[in-house]
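Contents: one structure, followed by commentary.
Heads up: numbering here begins at 1 and tracks the sequence.
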Amino acid sequence: MSSLAFLEHGDTSRPPLLILHGLFGSGRNWGTIARKLANSHHVFALDLPNHGRSEWTAGAMDYPYMAQVVANWMDEHALPSATIIGHSMGGKTAMQLALLHPERVDLLVAVDVAPVPYGPREHGGYIKAMQDVTLTGISRRSEVEALLEDTITETMIRKFLMQNLVQDEGSEQLRWQINLDGLAASLPALMDFPLPEDVEPFTNPSFFLAGGASNYVLPDYEAAIRRLFLDHGLYRIPGGGHWPHAETPEIFMEQVMGFLDRHRG
């Protein structure tokens with residue numbers, strides 16, 4: 001399992017904190033939050049497999065695989081344990097790491113995601129829409145965004161996906177930085193949340209920060225949170241959506257820093 005690309009913020013003398021992004025994201029999306037967290041932590045914003053500047057996998061990926069990749073990265077960087085903040089797909093990866101390798105996770109923050117399987121969502125449509133765009137001869141992201149307007153109608157989603165368009169040095173040709181084929185093959189596994197039957201609950205402090213208007217952490221899912229994360233808190237941001245770190249960053253930081261400060265040292 002190969003290493004992961006990452007961005008680093010803060011003083012090495014401070015406690016380590018890893019940020020794991022969601023599907024179609026990258027560590028770069030978390031720059032503003034990471035820099036604020038760096039006032040109290042040594043922050044690493046990772047690019048998970050098939051995303052950002054990290055390598056593409058040969059086949060489909062699942063959460064046990066990604067949890068092991070993160071554990072391997074921690075070994076490479078001499079981090080026995082760390083605080084982990086994970087959003088959506090990154091949150092499920094963080095929860096898998098906490099349940100399968102609890103000694104590696106000091107504190108856990110799961111952002112708008114629960115430890116449950118989800119049914120099919122809109123992600124497959126986003127992938128197909130991106131796959132269907134012919135990038136040959138296109139050098140401006142705005143041209144690609146215009147081609148996606150009919151199939152991906154939400155402006156915020158389109159602009160978020162556009163961050164995955166890159167140009168190699170010396171080239172004006174755009175390409176997708178994410179592995180669209182690999183992610184399409186992985187979607188069923190990414191919607192799931194597999195666990196061994198004998199898995200022990202995670203006992204270190206954990207915090208679930210959900211968007212009040214999002215459907216990713218429904219009340220029905222709270223039983224699974226209680227069963228698997230014994231020392232947990234849950235806060236729903238009133239009216240918040242699936243990306244609270246981007247949509248309501250001040251409330252997000254207030255809640256996350258409150259949790260971290262309560263358990264500091």
Determine the minimum heavy-atom distance between [X] and [Y], stating which atoms define it.
{"X": "Pro115", "Y": "Ile225", "answer": "CD-CG1, 3.5 Å"}
{"X": "Leu165", "Y": "Arg141", "answer": "O-NH2, 2.8 Å"}
{"X": "Ile127", "Y": "Ala184", "answer": "CD1-N, 3.8 Å"}
{"X": "Thr57", "Y": "Pro49", "answer": "CG2-CB, 3.9 Å"}
{"X": "Leu99", "Y": "Pro102", "answer": "O-CD, 3.9 Å"}
{"X": "Tyr216", "Y": "Ser88", "answer": "CE2-OG, 4.2 Å"}

Within a strict 4.5 Å, meaning less than it, do heavy atoms of the [X] and [Y] side chains meet?
{"X": "Ile138", "Y": "Val144", "answer": "yes"}
{"X": "Val105", "Y": "Asn204", "answer": "no"}
{"X": "Leu4", "Y": "Asp47", "answer": "no"}
{"X": "Phe24", "Y": "Met89", "answer": "no"}
{"X": "His123", "Y": "Leu187", "answer": "yes"}
{"X": "Lys159", "Y": "Leu161", "answer": "no"}
{"X": "Pro201", "Y": "Leu228", "answer": "no"}
{"X": "Met257", "Y": "Leu37", "answer": "yes"}

Quick check: does any side chain N or O of [X] sit under 3.5 Å from a backbone N or O of [Y], one acting as donor and the other as acceptor?
{"X": "Arg53", "Y": "Phe6", "answer": "yes"}
{"X": "Asn164", "Y": "Trp176", "answer": "no"}
{"X": "Gln96", "Y": "Met66", "answer": "no"}
{"X": "Lys92", "Y": "Ala110", "answer": "no"}
{"X": "Lys36", "Y": "Gly31", "answer": "no"}
{"X": "Asp62", "Y": "Leu190", "answer": "no"}
{"X": "Ser186", "Y": "Met61", "answer": "yes"}
{"X": "Gln177", "Y": "Val166", "answer": "no"}
{"X": "Gln167", "Y": "Leu174", "answer": "no"}
{"X": "Asp132", "Y": "Ala129", "answer": "no"}

For the hydrophobic clusters of this structure (ILVMFWY residues joined by side-chain heavy atoms under 4.5 Å, transitively), does one cluster hold both [X] and [Y]?
{"X": "Leu18", "Y": "Leu100", "answer": "no"}
{"X": "Ile251", "Y": "Trp30", "answer": "yes"}
{"X": "Leu218", "Y": "Met95", "answer": "yes"}
{"X": "Val69", "Y": "Leu7", "answer": "no"}
{"X": "Val70", "Y": "Trp56", "answer": "no"}

**Prompt:** Around Glu103, counting heavy atoms of other residues, nucleotides and ligands shown, do more than 12 lie under 6.0 Å from its CD?
**Reply:**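 Atom CD in Glu103 is crowded, with more than 12 foreign heavy atoms closer than 6.0 Å.
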Look up atom [atom1] in [X] and atom [atom2] in [Y], then write down how far apart they are to the nearest 0.5 Å.
{"X": "Leu209", "Y": "Tyr235", "atom1": "CG", "atom2": "OH", "value": "8.5 Å"}
{"X": "Leu108", "Y": "Ile85", "atom1": "CG", "atom2": "CD1", "value": "9.5 Å"}
{"X": "Glu143", "Y": "Leu148", "atom1": "CD", "atom2": "CG", "value": "12.0 Å"}
{"X": "Arg158", "Y": "Thr155", "atom1": "CZ", "atom2": "OG1", "value": "4.0 Å"}
{"X": "Leu48", "Y": "Thr93", "atom1": "CG", "atom2": "OG1", "value": "5.5 Å"}
{"X": "Ile157", "Y": "Glu122", "atom1": "CD1", "atom2": "CD", "value": "7.0 Å"}

Between [X] and [Y], how do the two ring planes meet: parallel, tilted or perpendicular, split at 30° and 60°?
{"X": "His232", "Y": "Phe208", "value": "perpendicular"}
{"X": "Phe44", "Y": "Trp73", "value": "perpendicular"}
{"X": "His21", "Y": "His51", "value": "tilted"}
{"X": "Trp243", "Y": "His87", "value": "tilted"}
{"X": "Phe229", "Y": "Phe202", "value": "perpendicular"}

**Request:** Identify whether the distance between the nearest side-chain nitrogen and carboxylate oxygen of Asp75 and Arg104 falls below 4.0 Å.
**Result:**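 Counted as a salt bridge, because a side-chain N and a carboxylate O are separated by less than 4.0 Å.
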**Request:** Evaluate the side-chain contact (heavy atoms from CB on, under 4.5 Å) criterion for residues Arg236 and Ser214: first the C-alpha distance (whole Å), next the side-chain angles of each, then the deciding distance (0.1 Å), finally the verdict.
**Result:** CA-CA 9 Å; Arg236 298 182 186 276; Ser214 171; over 6 Å; no
Under a plain distance cut-off of 3.5 Å, with no hydrogens placed, do [Y] and [X] share a side-chain donor-acceptor pair?
{"X": "Thr83", "Y": "Asp106", "answer": "no"}
{"X": "Gln68", "Y": "Asn72", "answer": "yes"}
{"X": "Gln131", "Y": "Asp181", "answer": "yes"}
{"X": "Gln173", "Y": "Asp168", "answer": "no"}

**Request:** With side-chain contact (heavy atoms from CB on, under 4.5 Å) as the test, would you mind laying out the steps for Arg35 and Val43 before giving the verdict?
**Result:** CA-CA 8 Å; Arg35 286 187 288 273; Val43 180; over 6 Å; no
**Message:** According to side-chain hydrogen bond (donor to acceptor under 3.5 Å, both in side chains), does anything in residues 250-261 pair up with another residue at least two apart or in another chain? List the pairs.
**Reply:**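 Residue pairs passing side-chain hydrogen bond (donor to acceptor under 3.5 Å, both in side chains), neighbours aside: Asp261-Arg264.
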**Request:** Kindly determine whether Leu107 and Phe207 satisfy side-chain contact (heavy atoms from CB on, under 4.5 Å), including the steps that lead there.
**Result:** CA-CA 8 Å; Leu107 302 172; Phe207 183 48; over 6 Å; no
**Request:** Please lay out, stage by stage, how Glu247 and His242 fare under the test side chain to side chain donor-acceptor pair (under 3.5 Å).
**Result:** CA-CA 8 Å; Glu247 297 165 336; His242 185 52; over 6 Å; no
**Full working for side-chain contact (heavy atoms from CB on, under 4.5 Å) between Leu17 and Leu260** = CA-CA 10 Å; Leu17 184 153; Leu260 299 179; 4.0 Å; yes
**Item:** Charged tip of Arg121 within 45° of Tyr118 ring normal and under 6.0 Å
**Value:**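 Yes, a cation-pi geometry holds between Arg121 and Tyr118.
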